[in-house]
Amino acid sequence: MKLATVIFYALSIWTMVSGLLAVSMRNVMHCAIALIAFFAGIAAIFFSLHAEFLGAVQLIVYVGAVTVLILFAIMLTRDVTGFEGASPFSGGAAWGWIASLAVLGMLAYSLSDLPPNPGFSTSNILTVADIGQALMTRYAIPFEVISILLTAALVGAVVIAMEEPKGK
Amino acid sequence: MPTLSDYLVLSAILFSIGLAGALTRRNTIIILVGLEMMLNAANINLVAFWHFLPPSPTGQMFALFAIAIAGAEAATGLALVIAVYRHYRSVNAEDISNLKG
């Protein structure tokens, strides 16, 4: 077996196991820790696909920022241990599992008649300079729109989470 | 060598895991975790298509914008969770039932 294949299967098992743990563990704090492992595994998959910049962005945004946000939200909304007394799953959880398995079946069915594989391309290389150039030329307008969206989300998050005035 | 369909299958499995988390959990924070996992699975698709199909930066740029939108979604979602917690003293989706008929 080639090294790339071994790495792919190792990363697949890593992300699947950490993902399953992140949605099924009883302690919310442990879920967040498993989520860090999941995000790091996704970053490793990006690296193995030669998308180095995206892997770095994934590490910075998800492992760095989003998990910290989630940990803060957990600690602000319950005691620090994060233990959930009753079952962590909702009443109709069985239907949720059935629905997600059905979605997986549909996706597997649509993937079963994929056209012949285009094969491994080594010529597809995108440097950070290329990405910067594309952001400033062809993707300039989406780039500006996304910065407005991020600003709006930032202001919105602050307004939503702000303490309500006493008079209301 | 892993092929394009290997990555697509991995992405489909991770998407289903995230969907299961969003549908079955009681805690709204873990529901958001499931959403983030689904967005990440979709990003694997975009990057895999970029890697295996003829050169064009579109797949990676799309994934980059998707990451930015997911960051905005996480920030607003968790702010909503905190606002709901302040009002109901709970983050369980089942306790937030004021609109239930």
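Reckoned from all heavy atoms, side chains included, excluding hydrogens, waters and symmetry mates. Naming convention: chains lettered A, B, ... in sequence-line order (proteins, then strands); numbering from 1 in each chain.
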Which atoms of A:A51 come close to chain B, meaning under 4.5 Å heavy atom to heavy atom: side chain ones, backbone ones, both, or neither? both
Hey, which of B:A22, B:A20, B:A41, B:G71 has the most heavy atom pairs under 4.5 Å with chain A? B:A20
In terms of heavy-atom contacts, A:I146 and B:A68 come closest through CG1-CB, 3.7 Å
Looking at SG of A:C31 and CD1 of B:I29, how far apart are the two atoms once the value is rounded to the nearest 0.5 Å? 10.5 Å
Chain A heavy atoms under 4.5 Å from B:I13: which part of the residue, side chain, backbone, both or neither? both
Under a 4.5 Å cutoff for heavy-atom pairs, which residue among A:A152, A:A94, A:P142, A:G156 has the most contacts with chain B? A:P142
Note, A:T5 side chain near B:P2 side chain (heavy atom, < 4.5 Å): yes
Is the shortest heavy-atom distance from the side chain of A:L11 to the side chain of B:L10 under 4.5 Å? no
Is the distance between the ring centroids of A:F8 and B:Y7 under 6.0 Å? yes
With the 4.5 Å side-chain cut-off for hydrophobic clustering, are A:L126 and A:I60 part of the same group? no
Tell me, out of B:V47, B:T76, B:V33, who's got the most heavy-atom pairs with chain A below 4.5 Å. B:V47
Side chains of B:L14 and A:I42: closer than 4.5 Å at any heavy-atom pair? yes
B:L64 versus chain A, heavy atoms under 4.5 Å apart: side chain, backbone, both or neither? both
Less than 4.5 Å to any heavy atom of chain A: does that hold for the side chain of B:M61, its backbone, both, or neither? side chain
Regarding B:N40 and A:Q58, do their side chains bring together a donor and an acceptor under 3.5 Å, going by distance alone? yes
Determine, using the 4.5 Å side-chain heavy-atom cutoff (strictly less than), whether B:L53 and B:W50 are members of one ILVMFWY cluster. yes
For A:W97, does the CH2 atom have more than 12 heavy-atom neighbours from other residues, nucleotides or ligands under 6.0 Å away? yes
Are B:F62 and A:Y62 co-members of a hydrophobic cluster defined by side-chain heavy atoms under 4.5 Å apart? no
Residue selection (most heavy-atom pairs with chain A, distance under 4.5 Å) from B:V9, B:I44, B:I82: B:I44
Quick one: do A:L49 and A:L3 end up in the same hydrophobic cluster if we chain Ile, Leu, Val, Met, Phe, Trp and Tyr together by side-chain heavy atoms under 4.5 Å apart? yes
Under a 4.5 Å heavy-atom cut-off, does chain B meet the side chain of A:A73, its backbone, both or neither? both
So, for A:L111 and B:A12, which heavy atoms are closest and what is the spacing to 0.1 Å? CD1-CB, 4.4 Å
Examine whether an atom of B:S11 lies under 4.5 Å from a heavy atom of chain A, and if so say whether it belongs to the side chain, the backbone or both; otherwise answer neither. neither
Does any N or O in the side chain of A:R138 come within less than 3.5 Å of the main-chain N or O of B:T58, such that one atom is a donor and the other an acceptor? no
Quick one: what part of B:F65 sits under 4.5 Å from any heavy atom of chain A, side chain, backbone, both or neither? both
Can you see which heavy atom on B:R25 is nearest to which on A:R26, and at what distance? NH2-O, 4.3 Å
Looking at every heavy atom in both B:L19 and A:S100, which two are closest together, and how far apart are they? CD2-CA, 3.8 Å
After noting the C-alpha distance and the side-chain angles of B:F15 and A:V103, does the key distance pass the side chain to side chain contact (heavy atoms under 4.5 Å, CB included) rule? CA-CA 9 Å; B:F15 184 90; A:V103 168; 4.1 Å; yes
Might you point out which heavy atoms bring B:M37 and A:G19 nearest each other, and give the distance in Å? CE-CA, 3.4 Å
At a heavy-atom separation under 4.5 Å, does A:I98 approach chain B through its side chain, its backbone, both, or neither? neither
Max heavy-atom pair count under 4.5 Å with chain B, selected residue of A:T67, A:V158, A:V145, A:L135: A:L135
Measure B:I17 against the heavy atoms of chain A and call it side chain, backbone, both or neither at under 4.5 Å. both
Taking the side chain as every heavy atom from C-beta outward, state whether A:F46 and B:N43 have any atom pair closer than 4.5 Å. yes
Look at the rings of B:H51 and A:H50 and say which category their plane angle falls in: under 30° parallel, 30 to 60° tilted, over 60° perpendicular. parallel
In the single-linkage hydrophobic clustering (I, L, V, M, F, W, Y; side-chain heavy atoms under 4.5 Å), do A:I160 and B:I31 co-cluster? no
Any idea which of A:V159, A:L104, A:L101, A:L107 has the most non-hydrogen atom pairs under 4.5 angstrom with chain B? A:L104
The interface call for A:S24 against chain B, heavy-atom contacts under 4.5 Å, is backbone
Could you check if a side-chain atom of A:F38 sits within less than 4.5 angstrom of a side-chain atom of B:E36, using non-hydrogen atoms only? no
Please determine whether the number of non-hydrogen atoms from other residues, nucleotides or ligands lying under 6.0 Å from atom CD of A:Q133 exceeds 12. no
dist A:D130:CG -> B:Q60:CD (nearest 0.5 Å) comes out at 9.5 Å
Might you point out which heavy atoms bring B:A75 and A:L69 nearest each other, and give the distance in Å? CA-CD1, 4.0 Å
Which bit of A:F72 is near chain B, if near means a heavy-atom gap under 4.5 Å: side chain, backbone, both or neither? neither
In the structure I gave you, are the side-chain heavy atoms of B:L32 and A:I70 within less than 4.5 Å of one another anywhere? no
